[in-house]
Amino acid sequence: MSTAIAALIVAVWVATYARRQAQAAIDQAAGAQRSADAANDQAASAREQAEIASRQLALSEQVHREQQEPYVMVDIQLNRHVKQVFDLVIENVGPSVARNVKIAFDPPLERVRDLDEVQADPIADIYIFTDGIPQIPPRHRLEFFLDVTHERLNSSLPKVYTVTVDAEGPFGRVETLTHKIDLNIYMGGIGRLGVKSVHQGVQELEKIRGEIRATGRSIASAISGVTEMLHTSENDI
């Protein structure tokens with residue numbers, strides 16, 4: 001009887017010990033899993049930080065590049081001195097030289113004279129469109145006469161164009177620039193305040209000088225006539 005009880009006690013102890021060992025193993029496995037999860041989280045966080053740093057570096061390099069690249073704008077504008085004239089304006093507003101500048105209009109750019117004069121060379125065939133512009137220095141502006149405003153706006157020519165500009169800068173090819181030109185903004189008879197140029201100022205001065213000369217001649221003629229009348233009166237006396 002005592003032997004059976006002893007065996008039972010031993011069996012209970014062994015079972016309890018085994019259960020404790022199993023629980024310890026389970027706890028160790030859970031701890032290992034938590035450690036693995038924490039390591040995975042740290043690795044994921046490190047990867048995310050590395051990706052963020054990489055994107056920031058790429059963005060910083062892109063901003064630096066764009067700040068150093070040329071920026072060629074093409075537009076049709078009213079002439080700064082003669083408001084009845086449209087000019088084709090090409091300007092590099094960027095900080096570096098633009099090279100191999102290629103400009104394309106869709107639909108192709110035309111002038112009123114291209115419709116009226118059979119012998120005229122179409123503007124689409126001029127050098128800047130067929131061969132491009134070798135280089136445009138920074139802040140340099142090119143202006144070409146296009147059309148008289150009222151003739152252009154009253155013609156059958158398109159009033160909306162899509163302009164594409166390709167060029168090269170200090171880092172190679174610049175991203176293609178595309179924008180629209182809409183001449184409809186000049187429709188409706190909206191006036192524009194004209195700013196007189198130096199040339200117009202000189203013309204005004206010449207006009208004033210001519211009027212002063214004419215007035216001087218009139219005064220001189222009047223004085224001469226009075227003098228002659230006085231001289232004649234003295235002789236009669």
Min side-chain heavy-atom separation [X]-[Y] under 4.5 Å:
{"X": "Thr164", "Y": "Ile103", "result": "no"}
{"X": "Asp106", "Y": "Tyr161", "result": "no"}
{"X": "Pro170", "Y": "Pro70", "result": "yes"}
{"X": "Glu168", "Y": "Val174", "result": "no"}

Problem set entry | Residue that, paired with Asp166, satisfies side chain to side chain donor-acceptor pair (under 3.5 Å) out of Thr176, Asn100, Thr178 |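 The side chain to side chain donor-acceptor pair (under 3.5 Å) with Asp166 is passed solely by Thr176 among Thr176, Asn100, Thr178.
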Problem set entry | With Val85 via side-chain contact (heavy atoms from CB on, under 4.5 Å) - residues at least two apart |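 Per chain and number, Val85 pairs via side-chain contact (heavy atoms from CB on, under 4.5 Å) with Asn79, Val82, Asp87, Phe145.
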For this session: Let me see the working for Val148 and Val112 under side-chain contact (heavy atoms from CB on, under 4.5 Å), right down to the final yes or no.
Result: CA-CA 8 Å; Val148 175; Val112 172; over 6 Å; no
Got a list of side-chain donor-acceptor pairs under 3.5 Å for residues 127-140, not counting sequence neighbours?
residue	atom	partner	partner atom	Å
Thr130	OG1	Ile126	O	3.3
Thr130	OG1	Tyr127	O	3.4
Arg139	NH1	Val93	O	2.6

What is the distance from atom [atom1] of [X] to atom [atom2] of [Y], rounded to the nearest 0.5 Å?
{"X": "Ile123", "Y": "Leu88", "atom1": "CD1", "atom2": "CG", "result": "5.5 Å"}
{"X": "Asp41", "Y": "Glu48", "atom1": "CG", "atom2": "CD", "result": "11.5 Å"}
{"X": "Asn40", "Y": "Gln33", "atom1": "CG", "atom2": "CD", "result": "8.0 Å"}
{"X": "Ile76", "Y": "Leu109", "atom1": "CD1", "atom2": "CG", "result": "5.5 Å"}
{"X": "Thr149", "Y": "Phe86", "atom1": "OG1", "atom2": "CZ", "result": "6.0 Å"}

Problem set entry | Step-by-step side-chain contact (heavy atoms from CB on, under 4.5 Å) determination, Leu153 to Met187 | CA-CA 7 Å; Leu153 297 177; Met187 299 292 289; 3.7 Å; yes
Problem set entry | Positive for side-chain contact (heavy atoms from CB on, under 4.5 Å) with Leu146, one of Arg152, Gln77, Arg113 |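 Only one of Arg152, Gln77, Arg113 forms a side-chain contact (heavy atoms from CB on, under 4.5 Å) with Leu146, namely Arg152.
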Non-hydrogen atoms of [X] and [Y] that approach each other most closely:
{"X": "Phe105", "Y": "Ile181", "value": "CE2-CD1, 4.0 Å"}
{"X": "Val89", "Y": "Glu143", "value": "CG2-CG, 4.2 Å"}
{"X": "Ala167", "Y": "Val101", "value": "CB-CG2, 4.1 Å"}

For this session: Walk me through it: do Lys159 and Asp182 pass the test salt bridge (Lys or Arg N to Asp or Glu O under 4.0 Å)?
Result: CA-CA 6 Å; Lys159 294 180 176 60; Asp182 190 347; over 6 Å; no
Exercise. Can we say Asp114 and Arg111 salt-bridge, meaning some charged N sits less than 4.0 Å from an Asp/Glu carboxylate O?
Worked result: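 Yes, this pair counts.
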Exercise. In terms of hydrophobic clusters joined by side-chain contacts under 4.5 Å, are Leu183 and Phe144 together?
Worked result: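 Yes, Leu183 connects to Phe144 through the hydrophobic network.
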Exercise. What about Val74 and Tyr186, same hydrophobic cluster or not, with Ile/Leu/Val/Met/Phe/Trp/Tyr joined at side-chain heavy-atom distances under 4.5 Å?
Worked result: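 Yes.
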Problem set entry | Contacts of Glu110 that satisfy side chain to side chain donor-acceptor pair (under 3.5 Å) - sequence neighbours left out |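 Listed in chain order: nothing, the list is empty.
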